[in-house]
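First comes the structure, then the notes that go with it.
As a basis for the values below, the full set of heavy atoms in this structure was taken, side chains included, without hydrogen atoms, waters or symmetry mates.
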Amino acid sequence: MSLTVYGIPNCSTVKKARAWLESRGVSYTFHDYKKQGVPAERLDGWMTAAGWEKLVNRQGTTWRKLDDATKAGVVDAASAKALMVANASVIKRPVIELDGQLVAVGFDAAAEAAVASRV
């Protein structure tokens, strides 16, 4: 079993997910967007599994700081992918994969249940 958590280490939701995994003794690999970049090759699979709309965090500070033209230009998977590759902070965090398959985007009660049922 290979669990990977993608995100930014200082994100409070990522911290919550990592603490939750560690409290249950679940080992995982952490992929830091800031140090390792956005895995562009993974984005296509995530968008297929969850939809690009779910991956783009329109509630976050990063999105709110974008200019209106940039926001208006995010209209499909290709434009969303370009934005996410260019600016990792706009991706909803964390993204959690198990054996290369998307398990959760974000971390709430539903994500906890999805992860718990598979680890």
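For K81, the NZ atom counts as densely surrounded, since its 6.0 Å shell holds more than 12 non-hydrogen atoms of other residues, nucleotides or ligands. Within 6.0 Å of atom NZ in K71, more than 12 heavy atoms from other residues, nucleotides or ligands are found, so the atom counts as buried in its surroundings. Environment of CD in Q101: sparse, with no more than 12 heavy atoms of neighbouring residues, nucleotides or ligands closer than 6.0 Å.
With a 4.5 Å cut-off on side-chain heavy atoms, Y28 and S2 do not count as touching. Looking only at side-chain heavy atoms (C-beta outward), V119 and R24 stay at 4.5 Å or farther from each other. In this structure, the side chains of L102 and V95 come closer than 4.5 Å at one or more pairs of heavy atoms. Using a 4.5 Å heavy-atom cutoff, the side chains of K54 and W46 are not in contact. Within the 4.5 Å cutoff, the side chain of N57 has no heavy atoms near those of the T62 side chain. Using a 4.5 Å heavy-atom cutoff, the side chains of V74 and W63 are in contact. Counting heavy atoms from C-beta outward, R93 and T13 have side chains that stay 4.5 Å or more apart. Counting heavy atoms from C-beta on, the side chains of V115 and V26 never come closer than 4.5 Å.
No continuous path of hydrophobic side-chain contacts links I91 to F107 [ILVMFWY only; heavy atoms under 4.5 Å]. Hydrophobic cluster membership is shared by I8 and L66, with clusters built from Ile, Leu, Val, Met, Phe, Trp and Tyr side chains linked at under 4.5 angstrom. If you chain together hydrophobic residues whose side chains sit under 4.5 Å apart, Y33 and V5 never meet in one group. In terms of hydrophobic clustering, with Ile, Leu, Val, Met, Phe, Trp and Tyr side chains grouped at heavy-atom distances under 4.5 Å, L21 and M1 are assigned to a common cluster.
The two residues A114 and S117 have their closest heavy-atom pair at O-OG, 2.9 Å. Scanning both residues, A80 and V56, for their nearest heavy atoms gives CB-CG2, 3.9 Å. Taking all atoms of both residues into account, the shortest heavy-atom contact from A111 to G106 is CB-O, 3.5 Å. The two residues V105 and A50 come nearest to each other via the heavy atoms CG2-CB, 4.2 Å.
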As a quick check of understanding, evaluate side-chain contact (heavy atoms from CB on, under 4.5 Å) for W52 and L83, giving each step before the final call. CA-CA 11 Å; W52 66 267; L83 176 65; over 6 Å; no
Audit row: E97, R42, side-chain contact (heavy atoms from CB on, under 4.5 Å) steps and yes/no: CA-CA 10 Å; E97 286 184 336; R42 303 298 310 135; 2.5 Å; yes
Derivation and outcome, side-chain contact (heavy atoms from CB on, under 4.5 Å), residues I96 and L3: CA-CA 7 Å; I96 302 173; L3 189 72; 3.7 Å; yes
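K34 NZ to S89 OG: the interatomic distance, rounded to the nearest 0.5 Å, is 3.5 Å.
Panel note: side chain H31, backbone V38; no donor-acceptor pair is recorded below 3.5 Å.
Taking the ring centre of F30 as origin, the terminal cationic atom of R18 falls inside the region bounded by 6.0 Å and 45° from the ring axis.
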